[in-house]
Colleague: 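I have a structure I would like to understand better, so I am pasting it below and will then ask my questions one at a time.
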Amino acid sequence: MQYKKMSTVRRMRSSLGMLAASISQTAMHPIPHNPPQISTMPRQQTEASILLDLHKLVSEKNRLQQELITLEARQALIRDRLNQIETDRAILEENRSAIRTRSIAPALPSALSTPSSYDITFLEY
């Protein structure tokens with residue numbers, strides 16, 4: 001039993017050592033990244049290439065038309081919201097002016113507004 005445990009431990013250590021060595025080698029020598037090849041030669045004009053170009057143009061046209069519809073819908077929503085904001089602002093302005101006129105009117109009681117009720121005191125320095 002003891003011998004079996006030692007054998008297992010040795011195998012595990014050996015496996016870990018090999019794994020660590022392969023990791024360090026990979027870190028030292030990263031896998032090269034191959035960029036896509038760009039051809040400087042134009043594509044040969046075949047019926048298939050023309051059909052591909054037509055398909056690309058039709059797809060782009062459909063995408064742009066859908067984007068335009070989406071933008072017009074968004075623009076309508078924004079205009080509606082701006083109109084609602086303007087309406088709400090006008091209502092709040094009316095409420096503010098109504099509150100202001102109510103609060104100014106009772107500020108001066110009628111008893112104090114007559115000049116005969118004032119007490120005049122002279123202070124000499």
Side-chain angles (χ1 to χ4, degrees):
M1 183 88 148
Q2 183 71 11
Y3 176 72
K4 197 172 190 181
K5 283 185 180 177
M6 289 297 286
S7 172
T8 306
V9 170
R10 283 185 188 148
R11 275 188 276 140
M12 289 176 68
R13 284 185 183 163
S14 174
S15 297
L16 288 173
M18 289 189 304
L19 180 63
S22 68
I23 290 173
S24 67
Q25 285 178 352
T26 304
M28 291 174 60
H29 303 289
I31 299 171
H33 173 69
N34 295 331
Q37 298 293 321
I38 299 173
S39 175
T40 57
M41 297 291 293
R43 260 189 294 158
Q44 188 177 7
Q45 286 294 326
T46 63
E47 186 179 0
S49 67
I50 292 172
L51 287 174
L52 177 64
D53 290 340
L54 283 171
H55 172 71
K56 287 178 183 179
L57 290 174
V58 168
S59 296
E60 184 179 10
K61 178 184 175 186
N62 290 338
R63 180 186 60 81
L64 290 173
Q65 285 175 335
Q66 185 61 42
E67 187 175 343
L68 188 60
I69 291 169
T70 305
L71 288 173
E72 288 170 350
R74 178 77 175 131
Q75 188 178 26
L77 285 173
I78 291 172
R79 282 194 179 126
D80 291 345
R81 182 62 185 142
L82 286 172
N83 290 335
Q84 183 64 40
I85 288 172
E86 189 60 34
T87 303
D88 291 347
R89 189 193 64 77
I91 291 170
L92 289 174
E93 284 291 330
E94 288 175 13
N95 291 343
R96 184 182 68 113
S97 64
I99 289 173
R100 180 178 277 177
T101 56
R102 279 187 293 186
S103 64
I104 292 175
L108 295 173
S110 61
L112 293 178
S113 62
T114 60
S116 62
S117 66
Y118 292 130
D119 245 352
I120 299 175
T121 308
F122 291 104
L123 294 176
E124 291 183 25
Y125 292 100

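Note that the structure is a prediction, hence the values are computed from the model and not measured.
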Colleague: So how far is it from L82 CG to L77 CG, rounded to the nearest 0.5 Å?
Modeller: 11.0 Å
Colleague: Quick one: list whatever passes side-chain contact (heavy atoms from CB on, under 4.5 Å) with L51, sequence neighbours left out.
Modeller: E47, L54
Colleague: Test: salt bridge (charged side-chain N to carboxylate O under 4.0 Å, His left out). Region: residues 65-82. Which pairs qualify, not counting sequence neighbours?
Modeller: R63-E67
Colleague: Is it the case that more than 12 heavy atoms not belonging to Q65 sit under 6.0 Å from its CD atom?
Modeller: yes
Colleague: Taking side chain as C-beta onward, heavy atoms only, is L52 less than 4.5 Å from K56?
Modeller: yes
Colleague: CG of L71 to CD1 of I78: how many Å apart, nearest 0.5 Å?
Modeller: 9.5 Å
Colleague: If we count only N and O atoms by modelled type, under 3.5 Å, do the side chains of Q84 and D88 hold a donor and an acceptor together?
Modeller: yes
Colleague: Are any side-chain N or O atoms of T101 and backbone N or O atoms of S97, one a donor and one an acceptor, separated by less than 3.5 Å?
Modeller: yes
